[in-house]
Chemist: 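Please see the structure below; I have some questions.
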2 protein chains.
Amino acid sequence: MKNPNALTIGKLARHGGVNIMTIRYYERRGLLPAPTRTASGYRLYADDAVRRLQFIRQSQLLGFSLTEIQDLLSLRMQPGTTCADIRSRAKEKIGAVEKKIEDLERIKNALTGLASACRGKGPTAECPILEALETK
Amino acid sequence: MKNPNALTIGKLARHGGVNIMTIRYYERRGLLPAPTRTASGYRLYADDAVRRLQFIRQSQLLGFSLTEIQDLLSLRMQPGTTCADIRSRAKEKIGAVEKKIEDLERIKNALTGLASACRGKGPTAECPILEALETK
DNA sequence: ATAAACCCGGTACCTTGGTATAGAGTCAAG
DNA sequence: CTTGACTCTATACCAAGGTACCGGGTTTAT
């Protein structure tokens with residue numbers, strides 16, 4: 001091997017804790033750059049691919065979609081992009097997360113109201129939950 | 001028409017604020033019972049189909065999936081099902097919603113921490129957000 | 001009586017984030 | 001040198017909740 005650190009796709013997958021198919025999928029999506037190939041066509045990854053995979057996974061854990069992660073990655077590559085650009089993406093995401101939380105709080109309150117209206121006794125014909133769902 | 005209240009699929013769709021295709025889809029999924037047909041094969045719905053659609057929509061707004069709604073509907077039809085069975089479905093859903101809220105709170109806190117670590121100045125090479133994402 | 005509006009079934013397509021399968025070629029160990 | 005593990009591409013499939021198109025038949029309004 002020319003590069004002593006080169007990883008085959010299977011090793012990269014084990015390193016990153018993802019499936020081989022996921023790596024190929026990320027490559028198709030443009031999230032991972034196409035690596036060099038051996039003469040027989042095998043992908044060979046350098047160490048930075050591991051960091052790239054970590055970036056993707058961490059970003060996913062923070063609620064970014066693959067498309068948004070792509071956006072973050074290309075922002076990073078563009079000269080002239082500042083830290084403020086990245087921070088604004090983070091703040092947008094915070095806003096979206098807050099909105100989702102509010103939606104879920106509303107749902108939770110509505111469900112809690114219904115559940116407490118139901119004594120839990122009797123047939124379904126008299127269930128206040130079912131009635132509430134039918135009557136808009 | 002035999003039934004003065006009979007609705008064609010288009011009228012039911014407008015009543016319920018959904019697409020015609022959605023109604024056919026619900027029928028395929030078993031969420032709406034197959035209605036009677038005219039001699040030429042047109043679907044004819046009675047008034048209760050409107051209430052059924054409302055039930056589905058309201059349940060969706062409360063976070064139930066179509067599969068769960070199917071479950072609620074068949075529970076309602078089964079003799080011997082009690083109000084308590086329905087209430088327990090509601091409580092399960094409340095638990096799931098609470099868990100989602102907690103997940104989102106964690107995400108929000110992590111993002112907020114990252115955003116406040118970033119002064120918003122300088123190139124992306126020094127962005128603490130990007131660094132945090134790369135370093136697991 | 002004819003055009004507009006409606007409806008039919010079947011199939012394909014969309015999003016998101018992957019996963020699976022098939023059929024073939026390649027690499028390493030015994 | 002053969003077997004098993006690995007990799008390749010291309011294509012199809014999954015959940016969820018629909019939406020769209022096609023080529024035809026029906027109903028309604030003018």
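Just so we're on the same page: letters track the sequence lines, and every chain starts at 1.
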Chemist: Without decimals, in angstroms, what is the distance between A:L44 CG and D:dC6 C1'?
Modeler: 13 Å

Chemist: Residues from residues 16-24 of chain A sitting under 4.0 Å of DNA chain C, heavy atoms only?
Modeler: A:N19, A:M21, A:T22

Chemist: Which nucleotide in the list C:dC8, C:dC7, C:dG17 gets nearest to the side chain of A:R29?
Modeler: C:dG17

Chemist: Measure from the side chain of A:T8, starting at C-beta and using heavy atoms only, and say which of D:dT7, C:dC8, D:dG17 lies closest.
Modeler: D:dT7

Chemist: For a quick check of understanding: with a heavy-atom distance under 4.0 Å over all strands, which category does B:T38 fall into, base, sugar-phosphate or nothing?
Modeler: nothing

Chemist: Return the 5'-most residue of the pair B:G10, A:Y42 with respect to DNA chain C, ranking by each residue's nearest nucleotide.
Modeler: B:G10

Chemist: Regarding A:D103 and A:K100, does a basic nitrogen lie under 4.0 Å from an acidic carboxylate oxygen?
Modeler: no

Chemist: With heavy-atom distances below 4.5 Å as the criterion, would you say the side chains of A:R52 and A:P33 are in contact?
Modeler: yes

Chemist: From C:dG18, D:dT19, C:dC8, pick the nucleotide closest to the side chain of B:R28?
Modeler: D:dT19

Chemist: State, yes or no, whether a side-chain contact exists between B:L32 and B:I23 at a heavy-atom distance under 4.5 Å.
Modeler: yes

Chemist: Determine whether B:T67 and B:R29 make a side-chain contact, defined as any pair of heavy atoms from C-beta on separated by less than 4.5 Å.
Modeler: yes

Chemist: Between B:T82 and B:R87, is any side-chain donor less than 3.5 angstrom from a side-chain acceptor?
Modeler: no

Chemist: What nucleotide among D:dG18, C:dC6, C:dG18 has an atom nearest to a side-chain atom of B:R14?
Modeler: C:dC6

